[in-house]
Amino acid sequence: KMSFPWIEEVREYKDKFIKGNISDNYAFLKKYNYEYLTISSKCAQDYGVNETNEKIKELQNNSRFKIVNSNAGFMLFKVL
């Protein structure tokens, strides 16, 4: 899915995602028809290891997201 970088809301939300609540995250992803979400080591560099790990735990524990691929430094979630 294309990221729509020309849409201001999409550009701004990338910085809000880690701190956003899981319901808002899901609503945003569905609004723009995202099918997948990636979390990478770049998130930890940009937003901090603790915040990134906390977001990963939230995604793993939420039935609206499913891990479809994972390796060192990268996780791919399906948006259900």
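For the numbers below, each heavy atom of this structure counts, side chains included, while hydrogens, waters and symmetry mates do not.
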J.: Between Asn21 and Asp24, does any side-chain donor sit less than 3.5 Å from a side-chain acceptor?
T.: yes

J.: Who are the ring pair (Phe, Tyr, Trp, His ring centres under 6.0 Å) partners of Tyr13, not counting sequence neighbours?
T.: Phe28

J.: I would like to know whether Phe77 and Asn69 meet side chain to side chain contact (heavy atoms under 4.5 Å, CB included); could you show each step before the answer?
T.: CA-CA 7 Å; Phe77 290 88; Asn69 195 348; over 6 Å; no

J.: Given Arg64, which partner from the list Asn25, Ile22, Leu59, Val79 fulfils the side chain to side chain contact (heavy atoms under 4.5 Å, CB included) test?
T.: Ile22

J.: Side chains of Leu29 and Tyr36, heavy atoms from C-beta outward: is any pair under 4.5 Å?
T.: no

J.: Minimum heavy-atom separation for Lys55 and Ile18, please, with both atom names.
T.: CE-O, 3.0 Å

J.: Can you give me the closest heavy-atom contact between Lys30 and Leu80, atom names plus distance?
T.: NZ-O, 3.6 Å

J.: Under the ring pair (Phe, Tyr, Trp, His ring centres under 6.0 Å) test, which residues partner Tyr47, sequence neighbours left out?
T.: none

J.: Check this for me: Lys19, atom NZ, are more than 12 non-hydrogen atoms of other residues, nucleotides or ligands nearer than 6.0 Å?
T.: no

J.: Can you confirm whether Tyr26 sits close enough to Asn62 that some side-chain heavy atom of one is under 4.5 Å from a side-chain heavy atom of the other?
T.: no

J.: Under 4.5 Å between any side-chain heavy atoms of Asp46 and Cys43, yes or no?
T.: no

J.: Is there side-chain contact between Met75 and Ile56, with at least one heavy-atom pair below 4.5 Å?
T.: yes

J.: How long is the gap from NZ on Lys57 to CG on Asn53, to the nearest 0.5 Å?
T.: 6.5 Å

J.: Are Leu76 and Phe74 close enough that some pair of their side-chain heavy atoms sits under 4.5 Å apart?
T.: yes

J.: Answer yes or no: does atom CG of Asn71 have more than 12 heavy-atom neighbours from other residues, nucleotides or ligands under 6.0 Å?
T.: yes

